[in-house]
Amino acid sequence: MAKGLLVTYVLWAVGGPAGLHHLYLGRDSHALLWMLTLGGGGLGWLWEFWNLPNFVAQANRAQGQKQNSREGIPPLSPIRFFAQMIVGIYFGLVALISFSSMANFYIVGLPLAVGLGVLLVATIGNQTSDFKNTLGAAFLTSPIFYGRPIAILPISLAASITAQKHRRYKPSVESETLSVRLYRLGLAYLAFTGPLAYSTLWNTAATLSYVSETLGSFLSWFSFFPLLGRLMESVLLLPYQIWWLLVGDPGINNRYFQEWEKFYEFVHSFQDEKRQLAYQVLGLSDGATNEEIHRSYRELVKVWHPDHNQHQREEAQRHFLEIQAAYEFLTQPKKPRGSQ
């Protein structure tokens with residue numbers, strides 16, 4: 001049955017951020033992406049207004065060519081590549097919030113989450129990619145920046161490059177019933193949102209603390225790139241800026257906007273608290289010199305190395321990791337105070 005452009009526009013207007021129009025057109029990967037990101041933060045939903053005729057034509061063309069698989073390699077798309085990067089980072093951040101306490105998370109959980117985010121974008125429309133190679137690239141890159149949130153970036157970059165390298169057109173398959181498609185989408189949606197909801201509702205304080213710490217780490221890294229840093233700040237404040245422009249009620253909007261700004265300031269202040277904690281772990285006072293940091297680190301590593309503490313290996317392992325994390329934090333380049 002041919003897809004109608006008018007129906008597509010109605011579904012786009014009524015349930016666009018939830019991906020209803022993509023579900024109607026048989027673009028299940030795109031529908032799932034919109035469900036998990038609310039239409040790409042609303043921007044993707046608005047942007048595709050002009051692409052709906054092309055989506056409808058593509059869906060009708062696919063229905064008429066079910067017996068013939070398209071050959072060749074799809075053209076390289078910078079937009080798809082950057083979308084893979086962004087969604088991979090997004091999936092990685094959600095995994096950090098939901099599963100960071102899991103054993104071997106940075107070797108197993110994080111690359112798997114980032115790789116699946118990249119593959120979700122890679123399978124949008126009439127294209128797909130090689131799952132094994134893409135996930136393999138994510139796992140091979142996971143040791144870079146091991147144990148730090150910034151590890152998401154190289155994993156997402158490597159997986160996105162690999163997905164683009166192995167891009168191809170989807171093979172022709174028999175159409176599935178709507179119930180089967182909804183069942184699959186429902187399982188994927190629950191797998192993504194379930195752990196996040198559990199962390200948020202039953203461990204709210206720890207979740208907010210970890211979100212702030214993760215965002216603080218990212219903002220600290222972007223301080224090496226001032227333009228990107230300012231862009232990230234704008235993105236963090238964008239939801240409330242849009243709300244303020246659209247509704248324009250000073251009594252409510254200013255209060256919410258100020259709350260968001262307070263949260264943003266809290267993210268920055270978290271770095272100062274983390275620095276003080278790092279000094280405490282190394283047994284140093286605030287403002288210790290690099291020489292004192294190096295000396296304390298070498299001494300503590302010898303004391304708490306797991307191989308030297310077989311009788312209390314778990315405790316030694318915990319202290320050893322804390323010492324390493326504190327040393328890495330204190331020895332990384334610092335952003336000058338008050339710089340933008």
Side-chain angles (χ1 to χ4, degrees), residues 1-88 90-91 116-131 134 160 163-164 166-193 242 246:
M1 181 178 178
K3 305 298 182 181
L5 181 60
L6 179 59
V7 175
T8 303
Y9 270 110
V10 171
L11 292 174
W12 173 86
V14 174
L20 289 183
H21 55 302
H22 289 303
L23 186 63
Y24 167 70
L25 295 174
R27 300 167 60 90
D28 291 357
S29 295
H30 212 155
L32 178 61
L33 178 62
W34 260 210
M35 290 166 62
L36 299 180
T37 63
L38 289 180
L43 297 178
W45 169 63
L46 294 173
W47 175 79
E48 67 182 4
F49 175 85
W50 310 104
N51 289 322
L52 291 183
N54 182 44
F55 291 161
V56 172
Q58 194 177 90
N60 289 328
R61 191 163 52 246
Q63 284 187 342
Q65 299 176 346
K66 287 188 182 298
Q67 303 302 321
N68 300 319
S69 298
R70 194 167 178 179
E71 297 181 354
I73 299 176
L76 182 66
S77 171
I79 294 178
R80 187 182 290 260
F81 174 78
F82 285 114
Q84 289 172 346
M85 280 283 298
I86 293 171
V87 175
Y90 171 62
F91 271 50
L116 290 176
V118 170
L119 284 168
L120 178 59
V121 179
T123 57
I124 284 177
N126 60 354
Q127 295 187 29
T128 186
S129 188
D130 188 276
F131 278 59
T134 302
S160 298
Q164 283 291 302
H166 294 278
R167 67 191 184 279
R168 61 177 184 269
Y169 288 109
K170 289 179 179 177
S172 297
V173 294
E174 292 294 328
S175 59
E176 297 177 321
T177 62
L178 180 61
S179 59
V180 171
R181 293 166 56 205
L182 289 175
Y183 176 72
R184 185 182 295 115
L185 285 173
L187 289 180
Y189 184 80
L190 288 175
F192 183 90
T193 59
I242 293 175
L246 291 177

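For the single chain, residues carry numbers from 1 onward in sequence order.
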The test is side-chain contact (heavy atoms from CB on, under 4.5 Å); show your working for L25 and L11 and say whether it passes.
CA-CA 10 Å; L25 295 174; L11 292 174; over 6 Å; no
How far apart are the C-alpha atoms of H21 and W34, what are their side-chain angles, what is the distance that settles it, and do they pass the side-chain contact (heavy atoms from CB on, under 4.5 Å) test?
CA-CA 10 Å; H21 55 302; W34 260 210; 4.0 Å; yes
Quick one: side chain to side chain contact (heavy atoms under 4.5 Å, CB included) partners of V14, sequence neighbours excluded?
V10
Value rounded to 0.5 Å, distance of CG in N126 from CD in Q58
4.5 Å
Walk me through whether L76 and Q164 qualify under side-chain contact (heavy atoms from CB on, under 4.5 Å).
CA-CA 7 Å; L76 182 66; Q164 283 291 302; 2.8 Å; yes
Rounded to the nearest 0.5 Å, how far does NE2 of H166 lie from CD1 of I73?
10.5 Å
I'd like to check D130 versus R168 (side-chain heavy atoms, cut-off strictly below 4.5 Å). Are they in contact?
yes
Return the set of residues passing side chain to side chain contact (heavy atoms under 4.5 Å, CB included) with P74 (not counting sequence neighbours), or none when no residue passes.
Q127, R167, Y169
Test your reading of the model: is there a side-chain donor-acceptor pair from K3 to the backbone of T8, 3.5 Å cut-off?
no
Restricting to pairs with a member in residues 37-50, which pass salt bridge (Lys or Arg N to Asp or Glu O under 4.0 Å), not counting sequence neighbours?
none
Between G117 and V87 the two heavy atoms that sit nearest each other are O-CG1, 3.4 Å
Please name all residues satisfying side chain to side chain contact (heavy atoms under 4.5 Å, CB included) with Y90, sequence neighbours left out, ordered by chain then number.
T37, V94, F192
Summary of salt bridge (Lys or Arg N to Asp or Glu O under 4.0 Å) pairs that have at least one residue in residues 14-38, sequence neighbours excluded:
D28-R181
Can you give me every donor-acceptor pair (side chain of residues 78-85, partner residue at least two apart or in another chain, under 3.5 Å) with its distance?
unit_1 : atom_1 : unit_2 : atom_2 : d
R80    : NH1    : V121   : O      : 2.9
R80    : NH1    : A122   : O      : 3.4
R80    : NH1    : I124   : O      : 3.2
R80    : NH2    : I124   : O      : 3.2

Atom OG1 of T134 and atom CG of L119: how far apart are they, to the nearest 0.5 Å?
4.5 Å
Between OH on residue Y189 and CG on residue L36, distance to nearest 0.5 Å
7.0 Å
Mind checking what makes side chain to side chain contact (heavy atoms under 4.5 Å, CB included) contact with F49, not counting sequence neighbours?
Y9, W12
With sequence neighbours left out, what residues match S29 under side chain to side chain donor-acceptor pair (under 3.5 Å)?
T123
Once you round to the nearest 0.5 Å, how far does CG of L190 lie from CG of L185?
11.0 Å
Out of curiosity, L5 CG to F55 CZ, how far, rounded to the nearest 0.5 Å?
12.0 Å
